[in-house]
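Reviewing the structure listed below.
Position 1 is the first residue of the sequence; numbering continues from there.
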Amino acid sequence: MSFSGSVKEELLGCIDNARHCRIAEVAAILAFEGEIVRLSSEEIDLRVSSENESLVRKYFTLLQKTFTMKNSVSIDNRITKKNNRFVVELEEPETAVKILQAVKLLGNDRTPQLSDALVNQMVVQRNCCRRAFIRGAFLCAGSISDPEKFYHFEIVCGSKAKAVQLMELMQSFEVDAKIVQRKKYYVVYVKEGAQIVELLGIMGAGVSLMNLENVRILKDMRNTVNRKVNCETANINKTVNAAVKQVEDILYIQDTAGLHSLPESLEETALLRLEYPQASLKELGALLSTPVGKSGINHRLRKICSIANELRGVKEEQV
């Protein structure tokens, strides 16, 4: 199972104790997967259809725990499959009216509350209700990438107005959600690992949160090790290149003016560098008859380099 699938599986089993939170999650499912069908001038049928049968089952469970269902027919006898989508119909007009009034899609006088918004703000006034709504929205239209590859959380909305409202709900928890248009849809997304961890906590996916945190820790450790290795490799390359240049300068002096032309301290340093081309500055300084520190040996080698450059300049002028 994919990481996104395991997150949804965990969230499908999450049922809030508070009635207002269950109503908020029902509102999310209706916003993404619901359809209001008028059977007559006064009767309404409320349908929810999804490719995910487990989501339809959770929706019905939320209704059973939140509203008084007149018909005791089991959910198995209510679900039908049409065009690879699972459909559940209430077939109880009075219950449908109560549900739509609870999610503020119908007024008390049964008049439709038309709006471009994803949800009525009264339904998501509380933090806990916003958490439940985001959970329902993710179950319907969300996905998370495999954190081993990259970090990406998204929920697809049908209009810009709906995407903006969902983004604002996420941002109310200080999550840096953004919107991008993808063909005719608007996608609310988050790309930062720590922010996605925060969202998993908001939705109530504690196990998935810990799994993602473990992945993040391992990736951070790998990145830290890689940075250190790259840094050490760069330092080694720098040291080797410097040593090669020093040897070249010493050999040039040896072939032109001769090492005996150097001051005694520089001659000793030059001979040691030829004998120990791979030695570090610290090691080279310790090998001198009168040991010097890293800065001292570095100063001598710079002086040798300067002398070699002067000799090269003289030779070029003579040519």
| query | Honestly curious: do L274 and I304 fall in one hydrophobic cluster under the side-chain, below-4.5 Å linking rule? | reply |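 Same cluster.
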
Item to complete: May I ask you to decide whether E33 forms a salt bridge with R85, counting only side-chain N to carboxylate O separations under 4.0 Å?
Response: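 Salt bridge present between E33 and R85.
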
field: Carboxylate-amine/guanidinium proximity below 4.0 Å for E94 and K98
entry: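 Salt bridge between E94 and K98, a charged N being under 4.0 Å from a carboxylate O: no.
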
Side-chain ([X]) to main-chain ([Y]) donor-acceptor, under 3.5 angstrom:
| X | Y | answer |
| --- | --- | --- |
| K104 | Q121 | no |
| E154 | G142 | no |
| E10 | V207 | yes |

Check the side chains of [Y] and [X] for a donor-acceptor pair under 3.5 angstrom, ignoring hydrogens and angles.
| X | Y | result |
| --- | --- | --- |
| N230 | R227 | no |
| R57 | S54 | no |
| R130 | S172 | yes |

Within 45° cone and under 6.0 Å: K191 NZ/CZ vs F153 ring: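 No, a cation-pi geometry is absent between K191 and F153.
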
Anything under 3.5 Å between a donor and an acceptor, one on a side chain of residues 19-32, the other on a protein residue two or more places apart or in another chain? List them.
residue: R19; atom: NE; partner: T66; partner atom: O; Å: 3.3
residue: R22; atom: NE; partner: T66; partner atom: OG1; Å: 2.9
residue: R22; atom: NH1; partner: D16; partner atom: O; Å: 3.1
residue: R22; atom: NH1; partner: N17; partner atom: O; Å: 2.8
residue: R22; atom: NH2; partner: K65; partner atom: O; Å: 3.0
residue: E25; atom: OE1; partner: R135; partner atom: NH1; Å: 2.7
residue: E25; atom: OE2; partner: K58; partner atom: NZ; Å: 2.6

Side chains of residues 237-247: which donor-acceptor partners sit under 3.5 Å, not counting sequence neighbours?
residue: N237; atom: ND2; partner: T233; partner atom: O; Å: 3.3
residue: T239; atom: OG1; partner: N235; partner atom: O; Å: 2.9
residue: N241; atom: ND2; partner: N237; partner atom: O; Å: 3.0
residue: K245; atom: NZ; partner: D249; partner atom: OD1; Å: 3.0
residue: K245; atom: NZ; partner: D249; partner atom: OD2; Å: 2.9
residue: Q246; atom: OE1; partner: R273; partner atom: NE; Å: 3.0
residue: Q246; atom: OE1; partner: R273; partner atom: NH2; Å: 3.2

With F133 via ring pair (Phe, Tyr, Trp, His ring centres under 6.0 Å) - residues at least two apart: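 So F133 forms no ring pair (Phe, Tyr, Trp, His ring centres under 6.0 Å) with any residue.
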
